[in-house]
Amino acid sequence: MASLKSLLSGFLLLAGCAQALKFDLEAASSYHSNQRRCIRNFVNKDTLVVVTATLDGYKGDGMNVNMHISDSHGNEYGKAKDIAGEQRIVFTSHHDAAFDVCFENYLTGSKYVENPRRHVELDIDIGADAKDWSAIQATEKLKPLETDLRRIEELVGEVVSEMDYLRAREQKLRDTNESTNNRVKWFGMATTFLLIALWGWQIMYLRAYFRSKHLI
């Protein structure tokens, strides 16, 4: 039992790590500079996503930080203006697509800022990692081991779905490649027949021309 718990803990730690990102966000001098920092991630359709951004500073410190989330299909999942402290946006994806979490930092000009930057800690939880497993455990009255097994089951299901998606993409690319090869083959054959026909016509034309001039 102890070894099983250790194995489950190691799997959950491996599955849930490497999502936090820390960086400094420089402040631009005006709103027209179009300076933004974006972080891109991929998500499958109908997947729960929780984006948590923690910023230092405070409102009214001379900087204005905005956060915007959208995907490659043009869907907008959230906009937050003049944020400080912890900001959380929860959404469910509409497509199998990449989504961007973008930040903008501008100087408001209301006061002098000695160090015009904000430190950002970004956490992106997707799928099973985005669920509140403590609440699920309390609601369904699950044991800790049962909760871990439920979470692992969902994580494995997400991996299987991702593999199915990649397999479908691979099949689509293979079909496109085969279709392109067939088109190139028929185009090459048509070009060859056209050149042969042109060559035959040129011979017949030259023979008729030389005969009309009594050269042959």
Side-chain angles (χ1 to χ4, degrees), residues 1-23 25 36-57 59 65-104 118-170:
M1 181 64 69
S3 60
L4 180 58
K5 287 185 177 180
S6 300
L7 181 61
L8 292 177
S9 300
F11 184 85
L12 291 175
L13 179 62
L14 180 62
C17 66
Q19 285 294 336
L21 179 65
K22 299 179 181 180
F23 57 93
L25 189 64
R36 60 168 53 186
R37 175 79 65 86
C38 294
I39 291 86
R40 175 166 293 185
N41 210 329
F42 183 85
V43 67
N44 292 323
K45 184 179 179 181
D46 297 329
T47 302
L48 178 66
V49 180
V50 178
V51 178
T52 306
T54 305
L55 293 79
D56 62 356
K59 294 185 178 181
V65 178
N66 303 325
M67 182 170 69
H68 178 216
I69 302 177
S70 61
D71 66 13
S72 57
H73 290 267
N75 299 302
E76 304 217 356
Y77 295 112
K79 286 184 177 180
K81 296 184 176 180
D82 193 15
I83 61 176
E86 182 177 298
Q87 179 71 36
R88 178 171 295 179
I89 296 179
V90 181
F91 65 91
T92 301
S93 58
H94 300 327
H95 298 279
D96 295 326
F99 67 93
D100 293 326
V101 182
C102 296
F103 295 90
E104 301 170 328
R118 288 274 190 90
H119 182 73
V120 181
E121 182 174 342
L122 180 64
D123 230 339
I124 301 177
D125 296 316
I126 300 175
D129 291 330
K131 294 185 178 181
D132 188 352
W133 290 101
S134 298
I136 294 175
Q137 180 180 357
T139 302
E140 301 185 14
K141 299 179 180 179
L142 300 175
K143 297 180 180 179
L145 186 59
E146 292 175 333
T147 305
D148 291 341
L149 287 173
R150 175 80 69 82
R151 184 179 178 187
I152 289 176
E153 181 183 4
E154 293 205 14
L155 288 172
V156 171
E158 290 176 4
V159 172
V160 172
S161 299
E162 182 71 16
M163 295 299 295
D164 290 339
Y165 171 77
L166 293 176
R167 189 179 298 110
R169 284 286 302 272
E170 181 185 5

Residue pair Val160 / Met163, side-chain heavy-atom distance below 4.5 Å: no

Just so I know, are the side chains of Gln87 and Met67 near enough to count as touching, which here means a heavy-atom distance under 4.5 Å? yes

Looking at Glu162, I want to see if its CD is surrounded by more than 12 non-hydrogen atoms of other residues, nucleotides or ligands under 6.0 Å. yes

Partner set under ring pair (Phe, Tyr, Trp, His ring centres under 6.0 Å) for Phe91, not counting sequence neighbours: Tyr77, Phe99

Which heavy atom of [X] sits nearest a heavy atom of [Y], and at what distance?
| X | Y | result |
| --- | --- | --- |
| Asp56 | His119 | OD1-N, 2.8 Å |
| Leu155 | Ala128 | CD2-CB, 3.8 Å |
| Ala84 | Gly57 | CB-O, 4.1 Å |
| Asp71 | Asn75 | OD1-N, 2.8 Å |

In terms of side-chain geometry, is the basic nitrogen of Asp96 or Lys45 positioned less than 4.0 Å from the acidic oxygen of its partner? no

Do NZ/NE/NH1/NH2 and the carboxylate oxygens of Arg151 and Asp148 come within less than 4.0 Å? no

Under 3.5 Å, is there a donor-acceptor pair between the side chain of Thr47 and the main chain of Gly127? no

Residue of the set Val49, Ile89, Ile69 for which side chain to side chain contact (heavy atoms under 4.5 Å, CB included) holds with Val101: Ile69

Matching residue for Ile39 among Asp100, Leu122, Val120 - test: side chain to side chain contact (heavy atoms under 4.5 Å, CB included): Leu122

Working to the nearest 0.5 Å, report the span between [atom1] of [X] and [atom2] of [Y].
| X | Y | atom1 | atom2 | answer |
| --- | --- | --- | --- | --- |
| Leu48 | Glu154 | CG | CD | 10.0 Å |
| Thr54 | Lys22 | OG1 | NZ | 10.0 Å |
| Leu25 | Arg118 | CG | CZ | 9.0 Å |
| Asp123 | Arg88 | CG | CZ | 8.5 Å |
| Asn44 | His95 | CG | NE2 | 13.0 Å |

According to salt bridge (Lys or Arg N to Asp or Glu O under 4.0 Å), does anything in residues 75-84 pair up with another residue at least two apart or in another chain? List the pairs. Glu76-Lys79

